[in-house]
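Working notes for the structure below.
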Amino acid sequence: MSLPPSPRPFRGPRRRSLLASAAGAAGTVLLVGCTGGSDSDGPGAGPSAADRARARAARDSEALAGRYAAVIAAHPGLAERLGPLREEVVRHAEAFGGERAASPRASSTASSAASASVSPSVSARAAGPAARDAGAVPADEKGALGMLADAERKLADRRAEALLDVPGETARLLASVAAAGAAHVFLLTEGDG
C-alpha cells in the first residue's frame, strides 16, 4: 500500500538536504581545523592569510549589516523579522574583529524609519552602497527579502570556499558564520512558495 501524497506544498530546503549540508560543513571544519601550525605566517611577514581573511570577513559582515539596515529603513514592517538577523550579522563582524554597529531606529513613521542609521563606528564605505542608496532596496517586501537572501547566500558560499585557504581557528569561525548565513537564507525565504 502506498502513502497518499502530502496535501501540504513543499517549501524551502528539505530536511535531508539541510542535514547533508550541515554534515558536509562539519566535515570540512574537522579536516581544515586539524592543520598544524599557527594562524600567523611569522613576525615581520605582513598580515597573515588568517588576518586578511578575518579583515575581509569583518568588512563583508559590516556591509551586510548595512544592507539589513537599508531594508529595515525602506520597509519598517520587516523590522521585527529582520532585527534579530541583523544583530547576529553585527556579532559576526565583531567576532572577525569589526566594529559594533548600532541598531537601526524602529519607528512607526516613515520619516524616522528612513533616517535609520548605522553608528559612526562603522564607516560609510564598510556599510556598503546599499546602506547609502535606499533606491537599491526593492520597493516590495518580497523583493527586499530576496535581495538579502541572495546576499547572505553569496557571502556564505564565498566563506565556505575560503575555508581551504586559512588555518584552523579562522577556518572554524568562517565555517560557523557561513552556516549561520545559510540558516539566514532559509529564514529569509521561509514562506516563499
On a heavy-atom basis, the closest approach of Ala79 and Ile72 is CB-CG2, 3.8 Å
Is the side chain of Arg67 donor-acceptor paired with the backbone N or O of Val137 at a distance under 3.5 Å, no angle test?
no
Do the side chains of Arg56 and Asp60 get close enough for a salt bridge, i.e. N-O under 4.0 angstrom?
yes
Spell out, as yes or no, whether a donor-acceptor pair under 3.5 Å connects the side chain of Thr189 to the backbone of Val185.
yes
Check Ala57 against Arg159 and note the closest heavy-atom contact, atom names and distance.
O-NH2, 2.9 Å
Is it true that Arg59 and Glu62 have a side-chain N and a carboxylate O under 4.0 angstrom from each other?
no
Would you please test Leu145 and Leu82 for side-chain contact (heavy atoms from CB on, under 4.5 Å) and show each step?
CA-CA 9 Å; Leu145 291 173; Leu82 299 180; 3.8 Å; yes
Compare all side-chain heavy atoms of Leu188 with those of Leu85 and state whether any distance is below 4.5 angstrom.
yes
Short side-chain donor-acceptor distance under 3.5 Å, Glu87 and Tyr68
no
Flag for His75-Glu141: side-chain donor and acceptor within less than 3.5 Å:
no
Check the pair Phe96, Thr170 against side-chain contact (heavy atoms from CB on, under 4.5 Å), reporting the backbone distance first and the verdict last.
CA-CA 9 Å; Phe96 288 119; Thr170 303; 5.6 Å; no
Taking all atoms of both residues into account, what is the closest heavy-atom pair of Val89 and Ala65, and its distance?
CG1-N, 3.7 Å
